[in-house]
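Computed from a predicted structure; not experimentally measured. Any value given below was found using the heavy atoms of this structure, including those in side chains, with hydrogens, waters and symmetry copies removed.
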Amino acid sequence: MFDGLDDIDWASMEHAYGSAAEVPALLWALRSPHTEERRKALDRFYGAVHHQGSVYPPTAASLPFLLELAADGATPDRAAVVTLMVSIGRESLDRGFEDDGTEIEYYPPMGCAQAIAFLREQGPQFADLSRDPDPDVRLAAIPGLGLFLDDADRAAAALRERLASERGIAARLQVVEAAAALALRLPAASHQLMDWLAELVTDPAQGPATRLAALVQRARCAPDQIGADTVAAAIGLLRQTTRAIPVRPIAPAPSRPAAPPNTVAPQIVAAFEDLDRHTRVYAPTTALLRTFHETLGARVPERTTVLAEQLSSPDPGSRLDAVRMSGELMRTWRGDHTRLLMLIADQLTTSDQEVAAEAAAVLASCHPIAAPAREALAAHIDAQRAAHGPDVWAAPDARLRRSHQEAVRALARLGDARALLSLLAALDSDVDVWRAIQVAGHLPQEAAQLVPRLRSHLRRIDLSQQWTEMSVNAILATLAALGDPAAVPVVVDTLGAAVRHEQHGVTRSVLKALGAFGPAAAGARETIRSLTTATDAHVRPAAVAALCAVDGDLAEVMPLLLDLLDDRITFRISDAADLLGKIGPPAAAALPRLRSLLTHDYEWVRVHCAAALWEIGGQAEAPAVLDALLQAMAKNPATANHVVACLDRMGPLAAPALPLLREQLALPRRGGRFKSVDHDEELQRVGRTLIARLDSAVPGALAPRTT
């Protein structure tokens, strides 16, 4: 076993976390008779050697030994080994090669080409594994027929054989998907495979799930041939498939080891729980339907129609998967999502709290457009409080608790005061209080009730513990958003504690909060002033901004800002430019340096400095400002929010930007900073308003701009 394993210099290669010297031990552990040892080895392999899909030289070098394990009937969990190999191969194809087939160069070097070369050389072994007596091994091996077998006729024959032999839905769907992968990879085989898929779609001898898979995978291979009849046929087959698959309750999530108390921020624990939750798939057709949605792409109305059918399924797991897909659609693509929002809101009334919780979570993540679901969220919260009492936020049942909390958070993000009672209950109970703190800042009208509780929580946090930083920062951000000066004393106390314990991240957050309170925080002036010379990269600009906000003494602040403009750290330059822009014309001393920074090699610096130039110099700076803004936005669309906000302030002088603005708003995908819903919705709103104003104010504005 493993001949040649020790001849490889594993220690000279690196994976995600350093030396790959451990790889031989991991490979031997995958053959261990002990289940826990195998599980840990597999987890480590995915976590380090195949980290987040990466294929390193040791990943590729492991493949001959993984194949040896998979082919040996004495190996436990052979299916898991085959799945690992297929994952390495698929990721190598996705990450390692350009569309024209040329290898992508990485530094440090990756092992994608080596991995694919080996797997294609050994492609016939996947044909053997796809006929293995173990159904799990067969299921894991089937994708390899489409990905690695270069003999198209042999691969097609093997796929036909598998479809005729397999009875399980999962295996049959894998066969059809592998046929599409083969057609896309080997154009010479495309015609016969597309014809086969077309035959399967209309073959009454096939089950509805197989026919649906054939329709979807054929559309994937020829997206330009998708028409209204394609979507209608898919919905009909989906309806038949739903009736054919038994309804099952959602299985509880596997438990995770509890984090040691007072060592890990609760936000981190929750993030891992969410990761576990979102990697779970509940319906056998979910992966197929994801492929269909990806193929439909920007066809938002058609995708909404398909999702409406998915959300009407009697199977709660299918609906839960559909809720997540709905969120992905709304967060990725522009359009009128009112119908889909209401369909998701309907899921709040289900008896399955897992589905209701996911629906509320999606509405919270889409809060800038979630107003149509407002009444449904409020009704859901009221019904839960009536049925389970005012302390339902802390209910012992984890599913009920999450369902209520997510609905409260979604309603609070809409600025609706009907979320207040549950938020107060959370702040008073200390159960998952961080979830309430994250959204309380959206209710400034309720500051009188929220701020005393937030102050109390802030006072109780021990800043000598590093893990408390996230919680402190969240409270500070919320207090700043609520804007009640009654919070200033405890914020000032927190600043002293943060400085003592060298909590630089907290120090920066405190300074930002004090800056938001403005002159009301003047009592902290001396402490703030002392931090304007701090060595921490983030603390210093935050201190300068806070000093300007609480004091307003330009004679003191201007030299500090000019010094930051000369910094080599780009975010310091941008922060200083933003503050100078807020000061406006009195900051004219910065104009020469800001003009020179319009040639900076980083577009984000140019955008911030151009905006500051406009605020300080006005019309005289307009040509240079406009040129810098448009060039930056054309190069990096992520700057669009900043650019459009400045263009809006420039008024009619922004008329030359009209073609670029129209181009930006015509894109079907969400754009702006991080391509998030909130940034994109703001970008669209400001952009449309600006275009309308310019069109009405500038004769001939519709004419294309010449350069």
Side-chain angles (χ1 to χ4, degrees), residues 90 94 99 146 173-174 176-185 190 193-194 197-198 200-202 208-242 278 281-313 315 318-344 347 358-359 362 365-366 369 665-671 675-677 680 684:
R90 181 180 282 118
D94 289 345
D99 292 339
L173 297 187
Q174 287 277 31
V176 179
E177 180 181 353
L182 185 64
L184 290 168
R185 184 169 64 87
S190 177
L193 291 164
M194 291 287 282
L197 292 174
L200 293 176
V201 173
T202 58
T210 303
R211 295 172 61 195
L212 175 62
L215 184 148
V216 168
Q217 298 297 347
R218 194 174 192 281
R220 173 188 166 203
C221 293
D224 56 319
Q225 298 178 20
I226 296 175
D229 57 333
T230 306
V231 176
I235 289 174
L237 290 169
L238 175 59
R239 197 166 293 162
Q240 295 178 41
T241 301
T242 299
H278 285 275
V281 174
Y282 295 93
T285 55
T286 292
L288 174 65
L289 291 168
R290 283 190 183 280
T291 298
F292 194 38
H293 284 290
E294 290 168 4
T295 301
L296 290 173
R299 297 175 175 90
V300 171
E302 291 89 340
R303 292 179 65 178
T304 299
T305 301
V306 175
L307 285 166
E309 185 64 32
Q310 293 176 244
L311 290 166
S312 69
S313 171
D315 179 55
S318 297
R319 296 200 310 277
L320 193 153
D321 290 341
V323 166
R324 290 178 182 161
M325 289 187 218
S326 300
E328 292 162 8
L329 171 65
M330 294 188 292
R331 290 189 295 268
T332 305
W333 298 95
R334 294 169 172 171
D336 182 357
H337 295 301
T338 303
R339 180 190 179 198
L340 193 51
L341 288 163
M342 296 308 295
L343 289 169
I344 294 171
Q347 300 300 318
E358 202 61 39
V362 165
S365 71
C366 298
I369 60 172
L665 294 185
L667 297 173
R669 280 185 178 271
R670 294 203 178 274
K675 298 182 179 180
S676 62
V677 176
D680 182 67
Q684 292 186 69

side-chain contact (heavy atoms from CB on, under 4.5 Å) evaluation trace for S326 with L343 = CA-CA 10 Å; S326 300; L343 289 169; over 6 Å; no
Hey, mind stepping through L340 and L311 against side-chain contact (heavy atoms from CB on, under 4.5 Å) and telling me if it holds?
-> CA-CA 10 Å; L340 193 51; L311 290 166; 4.2 Å; yes
What do the steps show when you test E328 against R290 for side-chain contact (heavy atoms from CB on, under 4.5 Å), and what is the final call?
-> CA-CA 10 Å; E328 292 162 8; R290 283 190 183 280; 2.6 Å; yes
Stepwise side-chain contact (heavy atoms from CB on, under 4.5 Å) check, V176 with L197 = CA-CA 8 Å; V176 179; L197 292 174; 3.7 Å; yes
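Nearest heavy atom pair, residue P223 against residue R299, reads O-NH2, 3.6 Å. Summarising the geometry of A214 relative to L200, their closest heavy-atom pair is CB-CB, 3.6 Å, with the distance given to 0.1 Å. Looking at every heavy atom in both residues, Q347 comes nearest to V323 through CG-CG2, 4.0 Å. In terms of heavy atoms, A179 sits closest to L193 at O-CD1, 3.7 Å. Heavy atoms only, all atoms of each residue included: R669 and T332 are closest at NH1-CG2, 3.1 Å. When every heavy atom of T241 is checked against every heavy atom of A209, the shortest pair comes out as OG1-N, 3.4 Å.
Screening L184, L288, L212 against Q217 for a side chain to side chain contact (heavy atoms under 4.5 Å, CB included) leaves a single residue, L288.
I235 contributes atom CD1, which lies 9.5 Å from atom OG of S312 (distance to the nearest 0.5 angstrom). Expressed to the nearest 0.5 Å, how far NE2 of H337 lies from OG1 of T304 amounts to 7.0 Å. We find the CZ-CD1 distance between R319 and I344 to be 13.0 Å, quoted to the nearest 0.5 Å. Note that the CG atom of L215 and the OG1 atom of T210 stand 12.5 Å from one another [nearest 0.5 Å]. Note that the CD1 atom of I226 and the CZ atom of F292 stand 6.0 Å from one another [nearest 0.5 Å]. Atoms CD and NE2, on Q310 and H293 in that order, are 4.0 Å from each other to the nearest 0.5 Å.
Annotation: cation-pi geometry not satisfied between R670 and W333 (NZ/CZ under 6.0 angstrom from ring centroid, within 45° of ring axis).
Of the possible polar contacts, one joining the D321 side chain to the Y282 backbone as a donor-acceptor pair under 3.5 Å is found. Under the 3.5 Å distance criterion, the side-chain polar atoms of R185 are matched with a main-chain donor or acceptor of G146. Not one N or O on the side chain of D680 forms a donor-acceptor pair closer than 3.5 Å with the backbone of K675. Although no hydrogens or angles enter the test, the distance criterion places no donor-acceptor pair under 3.5 Å between the side chain of R303 and the main chain of A298. Looking only at distances, no side-chain donor or acceptor of R220 sits under 3.5 Å from a matching main-chain atom of T295. Under a 3.5 Å cut-off, the side chain of T230 and the backbone N or O of G227 do form a donor-acceptor pair. Put simply, the side chain of E358 never gets that close to the backbone of R324: no donor and acceptor are under 3.5 Å apart. Formation of a donor-acceptor pair under 3.5 Å by the R331 side chain with backbone atoms of C366 is not found in this model.
Checking T338 against D336 by side-chain atom types alone, a donor-acceptor pair falls below 3.5 Å.
When side chains are defined from C-beta on, D315 does not count as touching T242, because their heavy atoms never get closer than 4.5 Å. In this structure, V677 and M330 have side chains that are not in contact, with every pair of non-hydrogen atoms separated by 4.5 Å or more.
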